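All figures in this text were calculated on a predicted structure; none of them were measured in a lab. The residues of the chain are indexed from 1 along the displayed sequence. Computation of the quantities below employed the complete heavy-atom set of this structure, encompassing side-chain atoms and omitting hydrogens, waters and symmetry-equivalent molecules.
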Amino acid sequence: MKLNLVNKPIRVSERGVIVCPVCLDKNNLHNHPIPDFRKDFLVSYSHFRGTIERGDMSRGKILLSDCREGSIICWFPVHKLYNTYYKLDWIEEAILQMKEAGIHYKYDIAFPGLGSYEDDGVDVKEVLKMIQKHFSDTDKDIDFHLNY
């Protein structure tokens with residue numbers, strides 16, 4: 001695995017999979033960076049929104065939207081309630097689901113720098129360790145976007 005630290009918005013990445021952290025509170029789907037994804041990936045956002053409305057997303061359960069908008073969007077649950085800190089155990093469970101699906105073998109990935117912002121409430125170093133631990137067995141690139 002080649003891990004690259006990137007300082008540009010994740011939504012402009014050209015990697016095969018772009019990971020978007022999401023809150024599972026269907027009444028508060030305006031956490032950063034969701035509004036940017038809603039503008040740039042409207043069809044993928046609609047797919048995500050429908051899944052949330054049906055209650056088909058939960059802790060550790062990622063959703064892949066391959067809507068022919070350039071990259072596949074990986075909707076990545078990081079907490080359940082609006083305005084709460086991200087949860088490290090949720091992050092690791094979602095990373096493990098990505099690993100089990102073999103996403104890191106098939107695609108280069110743009111991963112958000114969870115923990116880069118104080119409001120995230122998690123340690124960015126811990127998130128990087130998880131990525132290195134679970135995706136180290138691939139030859140694909142993983143961009144870690146410090147500005148997501």
### Query
Roughly how far, to the nearest 0.5 Å, is the CZ atom of R11 from the OG atom of S13?
12.0 Å

### Heavy-atom donor-acceptor pair, E126 side chain to L88 backbone, under 3.5 Å
no

### Query
Would a 4.5 Å heavy-atom cut-off, applied to side chains only, mark D123 and V127 as touching?
no

### Query
Do D141 and K2 meet the salt-bridge criterion of a basic N to acidic O distance under 4.0 Å?
no

### Task
Could you check if a side-chain atom of H145 sits within less than 4.5 angstrom of a side-chain atom of P112, using non-hydrogen atoms only?
no

### Query
Could you go step by step and tell me if Q132 and L3 meet the side-chain contact (heavy atoms from CB on, under 4.5 Å) rule?
CA-CA 8 Å; Q132 290 172 323; L3 184 62; 3.7 Å; yes

### Message
Could you report the tightest heavy-atom contact between G60 and P77, atom names first, then the distance?
### Response
N-CG, 4.1 Å

### Polar side-chain atom of E93 near backbone of K61 as donor-acceptor pair, under 3.5 Å
no

#### Entry: F48 and W75 aromatic ring geometry - parallel, tilted or perpendicular at 30°/60° bounds
parallel

### Task
Run the numbers on L64 and I73 for side-chain contact (heavy atoms from CB on, under 4.5 Å), then give the verdict.
CA-CA 6 Å; L64 297 176; I73 305 302; over 6 Å; no

#### Entry: Min side-chain heavy-atom separation F144-V124 under 4.5 Å
yes

### Query
Looking at Y148 versus F111, is the centre-to-centre ring distance below 6.0 Å?
no

### Message
Hydrophobic clusters here meaning ILVMFWY residues chained together by side-chain heavy-atom distances under 4.5 Å, can you tell me if M130 and I109 are in one?
### Response
yes

### Task
May I ask you to check whether D40 and Y45 show a side-chain donor-acceptor distance below 3.5 Å?
no

### Query
Taking all atoms of both residues into account, what is the closest heavy-atom pair of S116 and G113, and its distance?
OG-O, 2.6 Å

### Query
Checking D25 side chain against N27 main chain: does a donor-acceptor pair fall under 3.5 Å?
yes

### Query
Is the backbone N or O of H47 less than 3.5 Å from a side-chain atom of T51, with the two atoms forming a donor-acceptor pair by type?
yes

### Query
Are any side-chain N or O atoms of D120 and backbone N or O atoms of G115, one a donor and one an acceptor, separated by less than 3.5 Å?
yes

### Rounded distance (nearest 0.5 Å) linking atom SG of C23 with atom CD1 of I52
8.0 Å

### Message
Would you say that K140 contacts Y107 through its side chain, given a criterion of any heavy-atom pair below 4.5 Å between the two side chains?
### Response
no

### Query
In Å, rounded to the nearest 0.5 Å, how long is the span from CD1 of I72 to CG of D66?
4.0 Å

### Query
Is D143 paired with R15 through a side-chain N to carboxylate O contact shorter than 4.0 Å?
yes

### Message
To the nearest 0.5 Å, what is the distance between CD1 on I18 and CD1 on I10?
### Response
6.5 Å

### Query
Considering only heavy atoms from C-beta outward, does the side chain of N147 approach that of P9 to under 4.5 Å?
yes

### Query
Strictly under 6.0 Å, is that where the ring centroids of F37 and F41 end up?
yes

#### Entry: Check against salt bridge (charged side-chain N to carboxylate O under 4.0 Å, His left out), R54 and D56
CA-CA 5 Å; R54 289 188 305 277; D56 292 342; 3.1 Å; yes

### Query
Does one side chain, of H79 or N31, offer a donor that lies under 3.5 Å from an acceptor on the other?
yes

#### Entry: Between H104 and T138, a side-chain donor and acceptor under 3.5 Å
no

### Task
Can you establish whether the number of heavy atoms outside Y85 located under 6.0 Å from its atom OH is more than 12?
no

### Query
Are K87 and D89 ion-paired here, with the side-chain N under 4.0 Å from a carboxylate O?
no

### Other residues, nucleotides, ligands: >12 heavy atoms within 6.0 Å of R68 CZ
no

### Task
Please answer: with hydrophobic residues joined when any side-chain heavy atoms are less than 4.5 Å apart, are I34 and L81 in the same cluster?
no

### Query
D137 and M1: side-chain contact (heavy atoms from CB on, under 4.5 Å), yes or no, with the steps?
CA-CA 7 Å; D137 59 343; M1 166 187 69; over 6 Å; no

### Message
For residues L5 and V17: do they belong to one hydrophobic cluster (side chain heavy atoms under 4.5 Å, members Ile, Leu, Val, Met, Phe, Trp, Tyr)?
### Response
yes

### Gap separating the NZ atom of K99 from the CD1 atom of I95, nearest 0.5 angstrom
10.5 Å

### Message
Quick check on the hydrophobic clustering: are V6 and F76 connected, directly or via other members, by side-chain heavy-atom contacts under 4.5 Å?
### Response
no

### Query
Step by step, would you call I91 with L114 a side-chain contact (heavy atoms from CB on, under 4.5 Å)?
CA-CA 9 Å; I91 293 168; L114 304 174; 3.8 Å; yes

## Note on the structure
One should read off an interatomic distance between I62 CD1 and C74 SG, to the nearest 0.5 angstrom, of 4.0 Å

